[in-house]
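This structure is a prediction, so every number in the text was calculated from the model and none was measured. Atoms considered below: every heavy atom in the structure, side chains included; atoms not considered: hydrogens, waters and symmetry mates.
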Amino acid sequence: MTTDTAPRVSRRQLVPFAALSASYFAHIGFFNPYLPLWLKHLGLSLWMIGLLTSMQAVTRVFAPYLWGWLSDRSGERAPLMRWCAGMALLCSIGLLFSNAPWWVAAVLFLMFTHTSAMMPMSEAAMAHLVSHQGTLDVRRYGRIRLWGSVGFLVTVFVSGHWFETHGMSGFPLWTVFTLVAINLSVWSLPNVREQAHASEALAGFGKVLRQPPTLWFFATLFFHVLSHAALYTFFSLYLDELGYGKDMIGVLWAVSIIVEIIGFFTQSRWLHWLSLPAWLCVCTGLMALRMGLTAGFGQMLWVLLLAQCLHVFTFAIQHTVCIAWLSQHFPGRLRGRGQALYAVIGYGFTGVVGALGGAALSTRFGLQTVFWVAMPVAVAGLMCAIGLLRASRRHPA
C-alpha cells in the first residue's frame, strides 16, 4: 500500500487552508439553512423546494469525482479550486436577474457543479500536508477545520438576524458576497504540486474499493449522511412550521456549530480512546437518537437544544474519523479520488434521495415525518458501522 512521506509543514503553509475553510463554510452557513426559506419566500411548493435544494446533491454525484480525477492526474489542486471559485461566483450573479424556477434551477446547477468539488480538493491537498505514512494528524486537521465552523457560526447568526429584520429578498446578494470571499481566500493557497499519477493507479483504486472494510465504510457513510439530510434540507422549514422565528432558527443552527468547534479543537485529546470504526458506531447510534428527539419533541426548545448538541458526534467527530479512515486507505496517488468518492456517496446520492424523498414525505405526511423516517435510516447506518468494525478486525489496513 502506498504511504505518505510528507515532511512536517509550517503553520504559515496551513493558514491559507484555514482561511478557505472559514470563507467556504461562511457561505454554507447562510446558504444551506436559508435557501429553503428563500425558495418558500418565492412562493414555491414543498415539492419544488425539495427539487431545487437537491441540485447541490445532484452535482455531487458527478462533479467531485471529475475534479478529483483531474487533480490526481495533474498533481495540482489550487489552480482547479481557483477556477471553480471564479466560475461559481460568475454563475451566482444570475440569481440577481430572475426568480423563475427553471432559471434558479439552472443557476444552482452550474454554481454547485463548481462549489461541490472545492472542499474534496481542499481536503485532499490539506491531508497531503498533515498526514505522515498514511496517518492523519487529527490535532492539526481539527485546528484548521474548526475555522470552517467559525465561519459557519458567524454567518448563520448574522444572516438569520438580517433575514428576520429585512426579509429574504437579499438572499441572492448574500450568495454573491460570500462567494467573493471564497475567491479572495482561494488565491492565497500554496501552489503545492504533487506527483502526477499514471493511469495504472486506477487498478490500485479498484483494489481498495473491493476490500470488505471499504464497502462497509461507504455503506455506513451513506446511511449516516442520508439521515443527516433531513437536517440539511428540512430543519429550517420544520422549525418555521413550528413557529420559531428566524433569529431562533439561527440560534439552533449556531448551537450545533459551537459544539462542532469544541469537538474539532479537543478531539486530539480523546479520539484515540476508540478505533475509527468504533467511533463510527458511536456517531451513527447518536444520529438515530438525534433524529428521534427532533421528531418527537420539536415543540420543546430545551430538547431541540440537546439534540443539536449531539452534532459534535453526528458531524464533527464523524467527519474527522472519515477523513482519517480515508487517509489510511486512500493515500498518495489515490487521495483525490478517495475524497471525491466520499463526497459522491456521502453528499451526492444521499442528498438527492434525501431531498426528493423528504419532499415527497413532507408533502404527503408533513415535515415531522421526515425526521421520524430518518431515525431508522440512522439505525441502518449503525448496523453497517458494526459490520465495518468486524471487517476491520479481519482485514486491517
Side-chain angles (χ1 to χ4, degrees), residues 28-58 95 99 101 104-105 108 112 152 155-157 159-164 166-172 174-175 225-257 287 290-301 303-305 307-308 311 314-315 347 350-375 377-378:
I28 296 297
F30 99 90
F31 197 93
N32 284 13
Y34 296 109
L35 174 62
L37 296 179
W38 178 60
L39 297 174
K40 181 181 178 181
H41 166 77
L42 298 181
L44 303 180
S45 66
L46 278 175
W47 174 254
M48 183 58 68
I49 291 172
L51 184 65
L52 290 175
T53 54
S54 73
M55 287 292 108
Q56 188 174 37
V58 168
L95 295 177
N99 293 331
V104 172
L108 292 180
F112 289 146
F152 190 108
T155 53
V156 79
F157 260 132
S159 62
H161 178 72
W162 173 274
F163 294 137
E164 182 70 25
H166 302 284
M168 296 302 302
S169 59
F171 183 89
W174 273 83
T175 304
V225 184
L226 179 59
S227 178
H228 225 293
L231 293 169
Y232 293 141
T233 306
F234 299 101
F235 189 56
S236 293
L237 291 171
Y238 179 53
L239 295 176
D240 185 64
E241 182 180 81
L242 291 175
Y244 293 98
K246 293 180 178 61
D247 280 337
M248 183 52 65
I249 292 173
V251 168
L252 285 164
W253 278 96
V255 166
S256 66
I257 306 307
M287 187 74 230
R290 183 181 182 182
M291 291 298 97
L293 292 175
T294 302
F297 302 93
Q299 295 281 8
M300 301 175 66
L301 178 59
V303 177
L304 279 183
L305 290 169
Q308 289 299 89
H311 192 74
T314 64
F315 176 73
Y347 295 91
T350 59
V352 174
V353 174
L356 297 183
L361 283 172
S362 59
T363 299
R364 185 171 179 83
F365 302 108
L367 286 164
Q368 185 184 34
T369 307
V370 176
F371 297 92
W372 280 125
V373 172
M375 186 178 177
V377 170

Please verify the inter-ring angle class for Phe31 with Phe112; under 30° counts as parallel, over 60° as perpendicular, anything in between as tilted.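 Ring orientation, 0 to 90° scale: perpendicular.
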
Going by the angle between their ring planes, with limits at 30° and 60°, are His228 and His311 parallel, tilted or perpendicular?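 His228 vs His311 ring planes: perpendicular.
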
Run the side chain to side chain contact (heavy atoms under 4.5 Å, CB included) test on Leu252 and Leu301 for me, step by step, so that the C-alpha distance in whole Å, both residues' side-chain angles and the decisive distance to 0.1 Å come before the verdict. CA-CA 9 Å; Leu252 285 164; Leu301 178 59; 4.0 Å; yes

Can you find a pair of side-chain heavy atoms, one from [X] and one from [Y], that are under 4.5 Å apart?
X      : Y      : result
Met291 : Val377 : no
Leu39  : Met48  : no
Ser362 : Glu241 : no
Phe163 : Trp174 : yes
Val251 : Gln308 : no

Could you go step by step and tell me if Met248 and Leu239 meet the side chain to side chain contact (heavy atoms under 4.5 Å, CB included) rule? CA-CA 9 Å; Met248 183 52 65; Leu239 295 176; over 6 Å; no

Does Ser227 reach the main-chain N or O of Met375 with its side chain, forming a donor-acceptor pair under 3.5 Å?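 Not a single qualifying donor-acceptor pair exists.
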
Does the Tyr238 side chain pair with the main chain of Thr294, one donor and one acceptor, at a distance under 3.5 Å?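 Between the backbone of Thr294 and the side chain of Tyr238 there is a qualifying donor-acceptor contact (under 3.5 Å).
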
Could you state the interatomic distance from [atom1] ([X]) to [atom2] ([Y]), rounded to the nearest 0.5 Å?
X      : Y      : atom1 : atom2 : result
Leu42  : Leu52  : CG    : CG    : 9.0 Å
Leu108 : Leu95  : CG    : CG    : 6.0 Å
Tyr34  : Asp240 : OH    : CG    : 10.5 Å
Phe171 : Leu37  : CZ    : CG    : 9.0 Å

Is it the case that atom CH2 in Trp162 sees more than 12 heavy atoms from other parts of the structure closer than 6.0 Å?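 For Trp162, atom CH2 is not crowded (no more than 12 foreign heavy atoms under 6.0 Å).
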
Of the non-hydrogen atoms in [X] and [Y], which two are nearest, and what is the gap between them?
X      : Y      : result
Pro101 : Leu44  : CG-CD2, 3.8 Å
Ala295 : Phe371 : CB-CB, 3.6 Å
Pro172 : Trp38  : CG-CZ2, 3.8 Å
Leu293 : Ala307 : CB-CB, 4.0 Å
Leu226 : Gly354 : CD1-N, 3.7 Å
Phe30  : Ser159 : CB-OG, 3.4 Å

List the steps and the verdict of side chain to side chain donor-acceptor pair (under 3.5 Å) for Trp253 and Ser236. CA-CA 9 Å; Trp253 278 96; Ser236 293; 3.0 Å; yes

How about Tyr244 and Phe235: are their ring centroids closer than 6.0 Å?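 Not close enough - the centres of the two rings lie 6.0 Å or further apart.
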
